[in-house]
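Scroll down for the structure; my scribbles are underneath it.
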Amino acid sequence: MVNHQIIGDHNTTLSIDDLAALHETLHEQRLFRQEQLQQIAGPATPRTDALLDRQAASQIEVRVKLAASARMVLADVEAALKRMSDGRYGACHLCRKPIARERLMIVPQARYCARCQQVREAGR
């Protein structure tokens, strides 16, 4: 169940319609990532010679990296859905201020406002 509170000021306000649209987008992203992980985990085609073995090894490496990325995004999406159901969606995890509406419309699973995200990335 989505908590339908209005969060923030005119730049950050999420309407009930915004929350519903974001909720739907997050659900679609969850399904896409789950399907992607199923496809990545599917059987590899059999290989016979050395060149094909090297190609298969590089394909496995790509599949492992894709799967890791898909799992990471899926975890972020599920965490955002949980924050929605808990009524904590839209607040920055660091400064606790509302995340800009525009940012959430682009990255609905965002945990941080743009400023805090920049600080985190600069610290890496």
Side-chain angles (χ1 to χ4, degrees):
M1 180 75 189
V2 176
N3 184 343
H4 293 293
Q5 72 186 56
I6 306 298
I7 303 170
D9 60 26
H10 72 281
N11 290 327
T12 58
T13 300
L14 291 174
S15 69
I16 291 171
D17 289 342
D18 290 340
L19 283 172
L22 288 163
H23 191 262
E24 181 63 27
T25 298
L26 287 165
H27 272 293
E28 288 171 6
Q29 286 184 16
R30 175 197 276 164
L31 290 173
F32 173 78
R33 295 302 173 178
Q34 289 170 336
E35 289 170 7
Q36 184 182 33
L37 284 167
Q38 287 175 349
Q39 289 174 356
I40 291 169
T45 55
R47 305 294 181 173
T48 53
D49 64 25
L51 175 61
L52 291 177
D53 285 346
R54 285 195 301 275
Q55 288 173 343
S58 78
Q59 285 178 354
I60 289 170
E61 183 179 347
V62 168
R63 288 170 83 155
V64 167
K65 288 180 181 180
L66 279 173
S69 176
R71 279 192 295 275
M72 206 165 67
V73 173
L74 179 59
D76 287 346
V77 166
E78 289 178 340
L81 286 166
K82 173 117 176 66
R83 290 192 302 277
M84 266 188 183
S85 69
D86 293 346
R88 298 179 295 114
Y89 182 78
C92 177
H93 278 43
L94 290 179
C95 70
R96 305 290 183 223
K97 292 180 182 173
I99 299 170
R101 177 188 180 276
E102 292 79 19
R103 177 166 171 72
L104 289 172
M105 292 305 208
I106 295 167
V107 185
Q109 68 270 25
R111 295 173 190 245
Y112 306 102
C113 66
R115 184 180 159 278
C116 289
Q117 182 69 41
Q118 288 175 341
V119 169
R120 282 182 47 83
E121 288 175 3
R124 287 184 183 174

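Screening residues 111-123 for salt bridge (charged side-chain N to carboxylate O under 4.0 Å, His left out) gives Asp76-Arg111 as the qualifying pairs, with residues at least two apart or on separate chains. Sequence neighbours left out, the pairs with a member in residues 15-32 that pass salt bridge (charged side-chain N to carboxylate O under 4.0 Å, His left out) are Asp18-Arg101, Arg30-Glu78. Pairs engaging residues 100-124 under the ring-ring contact (aromatic ring centres under 6.0 Å, His included) rule: His93-Tyr112 [sequence neighbours left out].
Take Lys82 and apply the side-chain hydrogen bond (donor to acceptor under 3.5 Å, both in side chains) test, not counting sequence neighbours, and it matches Asp86. Legend: residues meeting side chain to side chain contact (heavy atoms under 4.5 Å, CB included) with Val73, ordered by chain and number and at least two apart, are Arg33, Val77, Gln109. Applying the side chain to side chain contact (heavy atoms under 4.5 Å, CB included) rule to Ser69 yields no partners; only residues at least two apart in sequence or on another chain are considered.
Summarising the geometry of Arg63 relative to Ile40, their closest heavy-atom pair is NH2-O, 2.5 Å, with the distance given to 0.1 Å. Across every non-hydrogen atom of Pro108 and Gln29, the tightest pair is CG-NE2, 3.7 Å. Of all non-hydrogen atoms in Cys92 and Ile99, the two that sit nearest each other are N-CG1, 3.8 Å. Taking both residues in full, the closest heavy atoms of Leu104 and Leu22 are given as O-CD2, 3.2 Å, listed atom of the first, atom of the second, then distance. In terms of heavy-atom proximity, Arg96 sits nearest to Ala91 at O-CB, 4.2 Å.
Leu14 contributes atom CG, which lies 8.0 Å from atom CE of Met84 (distance to the nearest 0.5 angstrom). Distance check, rounded to the nearest 0.5 Å: OG1 of Thr25 to CE of Met105 gives 8.0 Å. The line from NE2 of His27 to CG of Leu81 is 5.0 Å long, rounded to the nearest 0.5 Å.
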